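Residues take their numbers from the sequence shown, with the count starting at 1. What you are looking at is a predicted structure, and each value in this text was computed from that prediction instead of being measured.
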Amino acid sequence: MHRVVVVNGPNLDLLGIREPSVYGSTTLPELIGLCERWGARFDLEISAFQSNHEGAIIDRIHEAMNDADGIVLNPGAYAHTSYAIHDALASVAIPTVEVHISNIRNRESWRRISVVEPACVHTIYGRGIDGYRAAISHLAYRWRFPAQIVEYGSHPDQFADVREPFGTGPWPATVLVHGGFWRHHLARDVMDGIAVDLAERGMITWNTEYRRVGDGGGATSSLADVRLAIKAAAADPRSSSLTVIGHEAGALLALDASAPGEVDRCITLGGVTDLLAARQSRIGDDAAAGFLGGSPPEALSPIHRLPLGVPVTLFHATADESVPAQHSANYVEAAIAAGDDAEFVELDDGSGILDPAGAAWNDVVTRVAL
């Protein structure tokens with residue numbers, strides 16, 4: 001059993017009271033209870049610590065060498081000032097995920113830089129209390145099946161977590177493209193579970209990061225990144241075939257970046273396929289407008305770029321509240337009319353589609369060439 005200590009810094013003892021419009025209504029004791037539940041799913045032992053004092057936080061990090069295998073750290077405002085906390089993390093060399101409840105990169109300029117981040121294995125922000133669940137899950141999946149970071153470009157976000165199966169290759173490979181409506185506070189960790197599951201089933205998995213809106217990304221750069229990642233995976237001599245899987249907004253990038261002769265199959269999960277419709281209906285809080293900038297939607301919209309020339313399977317839940325299922329249904333109808341090999345799989349419940357223990361994910365796996 002791995003042990004995780006959840007360390008909360010200054011003012012987090014006032015959770016539920018302090019600026020609930022920013023930090024939510026969940027109290028600190030309630031949060032710790034949730035962390036214990038989230039950890040139990042992965043058979044993790046969760047302990048908790050909170051202090052408003054920098055030295056006490058540093059002492060607790062030092063103590064973690066004796067009683068923890070991982071740290072989930074919300075350093076609060078110390079994230080922006082405390083090189084001492086950075087040095088403590090670097091000294092103990094315990095995998096640490098930094099968490100911020102609010103979207104620090106969309107707030108005051110002084111909050112946008114974390115001096116603690118370079119000493120952490122991952123940073124999660126802007127997801128509310130759920131960021132703690134994501135941090136615990138990320139640590140659990142790191143321990144379950146460690147990944148190698150492979151850079152496919154020079155930008156800090158041009159990399160992938162690559163997991164190679166045990167044994168002797170070559171193996172089938174898959175490139176995973178995460179969703180989040182192309183915004184920078186959603187990252188590759190949302191695909192950790194299925195990346196590990198596919199690796200355990202005998203696939204090389206490329207859990208891909210790319211530039212997102214608000215951090216250098218957008219229609220041109222995000223798509224260019226995914227194309228580069230796919231080319232890197234396709235050129236890997238250990239790979240015998242290549243499947244690309246895109247979730248939500250990442251599905252659009254997956255479809256646009258899949259090329260015949262390079263990709264053997266593309267699979268989408270609750271995907272955006274029509275940027276014109278997405279912009280008109282303003283799904284994802286008008287995400288398409290921010291993604292497109294001034295680019296015409298038809299030029300980057302998969303449904304307007306048919307035929308693709310790559311077999312596709314589109315999964316979509318009937319009652320998807322983020323992206324209407326009509327995106328997938330319309331795309332498949334148009335793809336078949338254009339001569340593509342396309343299949344639409346409508347799900348009664350897609351809530352667990354990124355959960356390797358979920359029924360929806362088991363449906364997806366049957367379409368992946370293992």
Side-chain angles (χ1 to χ4, degrees), residues 2-42 44-92 94-140 185 187 189:
H2 285 96
R3 302 162 299 173
V4 176
V5 57
V6 178
V7 177
N8 282 293
N11 299 309
L12 288 159
D13 54 324
L14 297 180
L15 275 178
I17 301 172
R18 175 198 178 201
E19 297 180 84
S21 62
V22 176
Y23 299 103
S25 58
T26 303
T27 66
L28 183 60
E30 289 170 341
L31 171 61
I32 300 309
L34 287 170
C35 288
E36 290 170 349
R37 284 171 47 195
W38 293 327
R41 180 190 168 186
F42 297 101
L44 301 179
E45 179 184 308
I46 304 293
S47 59
F49 175 83
Q50 189 278 327
S51 177
N52 296 319
H53 304 286
E54 183 179 28
I57 294 169
I58 292 169
D59 287 342
R60 185 62 188 92
I61 291 170
H62 290 176
E63 291 168 11
M65 289 190 293
N66 300 316
D67 65 4
D69 305 294
I71 300 171
V72 172
L73 170 66
N74 186 339
Y78 284 139
H80 319 295
T81 61
S82 182
Y83 289 97
I85 291 177
H86 167 283
D87 289 350
L89 293 172
S91 298
V92 301
I94 296 171
T96 300
V97 179
E98 179 186 16
V99 173
H100 295 278
I101 295 170
S102 68
N103 190 336
I104 57 173
R105 296 189 185 175
N106 281 355
R107 298 183 66 188
E108 304 95 325
S109 58
W110 62 269
R111 291 186 193 270
R112 296 173 189 171
I113 301 297
S114 169
V115 300
V116 171
E117 181 175 354
C120 299
V121 298
H122 191 38
T123 294
I124 294 170
Y125 55 92
R127 304 191 207 174
I129 294 301
D130 194 59
Y132 288 81
R133 180 201 58 77
I136 290 168
S137 298
H138 185 66
L139 287 172
H185 68 285
D189 63 90

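Rounding to the nearest 0.5 Å gives a distance of 4.0 Å between OG of S137 and CZ of F42. Put simply, CD1 on I124 and OH on Y132 are 11.0 Å apart, with the number rounded to the nearest 0.5 Å. One distance of note links CG of L73 with CZ of F49; it measures 11.0 Å at 0.5 Å rounding. Interatomic distance, L15 CG to S25 OG, rounded to the nearest 0.5 Å: 10.0 Å. We find the NE2-CG distance between H2 and D69 to be 5.0 Å, quoted to the nearest 0.5 Å. One distance of note links CD1 of I101 with OG1 of T26; it measures 8.0 Å at 0.5 Å rounding.
For the residue pair E54 and N52, no side-chain donor N or O sits within less than 3.5 Å of a side-chain acceptor on the partner.
Between S51 and R60 the shortest side-chain heavy-atom distance does not fall below 4.5 Å.
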Apply side chain to side chain contact (heavy atoms under 4.5 Å, CB included) to residues I32 and N8 and explain how you reach the verdict.
CA-CA 10 Å; I32 300 309; N8 282 293; 4.2 Å; yes
Given V5 and I61, is the side chain to side chain contact (heavy atoms under 4.5 Å, CB included) satisfied, shown in steps?
CA-CA 9 Å; V5 57; I61 291 170; over 6 Å; no
Steps toward side chain to side chain contact (heavy atoms under 4.5 Å, CB included) verdict (V72, C35)
CA-CA 10 Å; V72 172; C35 288; over 6 Å; no
Begin with the C-alpha distance, continue with both residues' side-chain angles, and end with the deciding distance and a verdict on side chain to side chain contact (heavy atoms under 4.5 Å, CB included) for T81 and V115.
CA-CA 7 Å; T81 61; V115 300; 5.9 Å; no
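Distance alone, capped at 3.5 Å, is enough to place a donor-acceptor pair between the Q50 side chain and the G9 backbone. Side chain of H80 to main chain of I113: a donor-acceptor pair is present (N/O by atom type, distance under 3.5 Å, no hydrogens or angles). Of the possible donor and acceptor atoms, one in the side chain of T96 sits under 3.5 Å from a partner among the backbone N and O of I94. E30 contributes a side-chain N or O that, together with a main-chain N or O of T27, makes up a donor-acceptor pair within less than 3.5 Å.
Heavy atoms only, all atoms of each residue included: G131 and V99 are closest at O-CG2, 3.9 Å. Scanning all heavy atoms of the two residues, the minimum distance from G39 to I136 falls at CA-CG2, 4.0 Å. Heavy-atom minimum distance, G76 versus H100: O-CE1, 3.8 Å. When all heavy atoms of P95 and L139 are compared, the closest pair comes out as O-CD2, 3.8 Å. Listed here is the closest heavy atom pair of N66 and R3: O-NH1, 3.6 Å. Between A187 and R127 the shortest heavy-atom distance is N-NH2, 3.5 Å.
In H53, the NE2 atom is not crowded: 12 or fewer heavy atoms of neighbouring residues, nucleotides or ligands sit closer than 6.0 Å. Summarising the local packing, CZ of R112 is surrounded by more than 12 heavy atoms from other residues, nucleotides or ligands at distances under 6.0 Å.
Contact check on D130 versus R133 returns a salt bridge, with a Lys/Arg side-chain nitrogen under 4.0 Å from an Asp/Glu carboxylate oxygen.
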